[in-house]
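For the numbers below, each heavy atom of this structure counts, side chains included, while hydrogens, waters and symmetry mates do not. For ligands, and for the atoms within them, numbers begin at 1 and follow the listed sequence.
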Amino acid sequence: MRKVNLVLILVLIALTNLLSNVNAARNIKDRLEPSSWWIGFKNPVVQLMAYSEDIGLLRPEINHPGLTIKRIIGVENPNYLFIDVLIDEKAKPGVVEILFKDGNKVRKTMSLQLNERKKGSARRQGFNSSDAIYLLMPDRFANGDPTNDDVEGMLEKADRKAPYGRHGGDLKGIMNHLDYIADMGFTAIWINPVLENDMPESSYHGYATTDYYKIDPRYGTNEDYKKLVEMANSKGLKVIKDMIFNHCGSKHWWMDDLPSDDWINYDGFVRSNYRLSTISDPNASRADLKLATEGWFDTSMPDLNLRNELLLNYLIQNSIWWIEYAGLQGIRQDTYPYPDKHGMAEWNKRINLEYPNFNIVGEAWIGEPSKLCYWQKDFPNSDGFNSHLKTIMDFPLMDAMHIAFNEKGGGWSDGLIRLYNVLADDHLYPDVNNMLVFPENHDVGRIFTILKEDPRKMKMVTAFFATIRGIPQWYYGSEILMTGNGYDGHAHIRHDFPGGWPGDEINAFTSKGRTDEQNEMVDYLSKILNFRKNSKAIHHGKTLHFVPENNVYVYFRYLEDEAVMVILNNSDNEARTISGKRFDEILSQYSKGTDVLTGENLSALDSFKIDAKSAKIIELK
Ligand code: CA
């Protein structure tokens with residue numbers, strides 16, 4: 001052997017050792033994702049992502065009845081290998097061994113659990129306008145298991161005194177209070193994200209995912225999550241999972257060893273300009289659009305590039321995995337317009353293909369109906385884009401609720417006319433029943449604080465959100481009049497629910513633990529939501545409304561042979577008597593009604609008396 005070759009070989013050996021040392025330092029943990037899948041999907045191919053040192057240099061092989069490898073995809077990083085596996089309808093359930101070979105030698109084995117689908121799984125009914133949703137933040141709702149508050153090896157420890165720390169709430173805490181939620185008349189829960197967020201700080205909110213297939217151990221296990229969904233379903237509560245595809249957490253396991261350079265947008269932190277209008281604006285510059293959709297949402301949240309087909313497919317399968325595994329009825333997708341819109345449309349289509357009655361709500365935080373409508377399925381956009389997203393959040397209506405009840409009214413466009421004006425834009429939406437209607441959520445000021453802590457206004461906003469078209473969504477704690485100013489920071493609108501922690505002095509989960517004022521609010525909300533449960537006119541009736549006059553707004557929700565009349569009187573201290581004459585076009589079909597809130601029977605509909613700062617809901621027969 002010539003000397004120069006020997007030197008070359010020695011250098012190569014040294015390099016190889018160096019590389020494997022780097023990998024050892026990285027502590028590569030073998031992964032196969034998904035690690036389980038099902039037989040009988042409309043799309044019979046599952047794409048496995050295998051992660052292990054130099055696995056990309058090996059050749060996978062499967063010998064299992066009904067399974068065929070269709071495609072093997074290597075990427076820049078040899079520690080990844082993507083494998084498309086075709087699953088025949090008659091495939092045998094059980095453990096599937098995947099052999100990774102180097103020539104004839106098996107260097108590695110991974111296993112995939114193959115399951116049969118539950119009967120009726122594809123036909124599951126997603127949430128819709130017959131539902132009322134209770135949104136809760138799991139770290140702040142109830143601590144059912146103090147032993148999981150701290151988990152060894154995880155970066156952030158519990159600290160209930162820290163406003164932005166982890167407080168210890170968990171899945172067990174939610175399970176313990178499902179009856180509390182169901183008794184108020186809610187039929188669905190949206191839980192803020194529960195996937196692992198092994199971040200050094202502020203991990204309580206859950207929006208920086210570090211593992212897409214694992215429930216954060218401080219909330220419980222994957223099994224616990226599945227159990228929670230079963231329990232909730234058995235009590236008449238659908239479950240909506242909060243997901244985030246725009247970004248992951250900077251401590252996500254793949255951030256140390258990305259499959260390819262184009263897995264994330266930008267090499268490091270570049271802040272998004274958050275200008276969502278650039279996506280629908282025909283006049284927008286490419287530079288502004290790029291920054292909006294490819295800039296990072298926050299310093300600790302790398303922006304995922306959904307134009308990478310492998311990543312997009314990974315996330316689509318991840319959603320299907322959670323729906324099938326846990327038995328979900330819905331998904332709420334965070335920061336909806338920020339990722340690649342075509343990838344997101346594909347995601348909706350693929351989920352609808354497997355679950356046609358499923359529902360997804362996207363957080364398109366846009367205050368103008370003319371821009372918001374771009375994002376609802378089947379809107380005839382001039383650029384030809386169809387989002388395939390069934391449900392959008394009605395931020396314009398939320399904004400109006402925040403102002404309308406605080407204004408004196410009397411002008412051309414203030415007071416309750418704000419609500420009227422937003423609804424006048426309903427012609428823009430392809431499906432008004434699939435608008436999520438909410439006075440607040442976990443990102444804005446507490447509605448009771450916004451309404452200047454006036455319980456009468458709280459009641460009016462409650463009557464409104466629960467009877468207007470769309471899918472109503474409430475935020476935990478507002479039923480006990482929790483306060484918090486959004487401008488003070490997120491911690492102030494995400495306080496612990498009193499009574500959720502062992503040793504709490506007050507337990508507001510029980511009527512005994514609540515003040516009279518709180519009980520009145522809980523009772524008011526419960527009465528309306530329990531009535532709503534059986535009102536088809538509210539679920540999917542049309543809306544007929546009359547221009548507000550003298551601070552009084554009257555609208556009807558109606559079907560062919562039933563109707564609900566709602567009267568809101570926002571005047572400060574004047575009771576009003578309004579004549580039925582003005583509403584003749586609908587009232588002439590009815591002769592009597594029932595006041596939903598008082599139970600009083602109305603034998604005539606020629607005039608209605610309504611107290612100042614109050615709402616009346618009348619079921620017409
Ligand atoms: Ca706990």
Can you tell whether the side chains of [X] and [Y] come within less than 4.0 Å, N to carboxylate O?
X: R456; Y: D454; value: yes
X: R218; Y: E196; value: no
X: K108; Y: D30; value: yes
X: D211; Y: R31; value: yes

Check whether any N, O or S atom of [X] sits under 3.0 Å from the Ca ion (ligand 1).
X: G169; value: no
X: N143; value: yes
X: N148; value: yes

Would you say the side chains of W38 and E116 form a donor-acceptor pair under 3.5 Å? no
Which single N/O/S atom of [X] lies at minimum distance from the Ca ion (ligand 1)?
X: D170; value: OD2
X: D145; value: O
X: D149; value: OD1

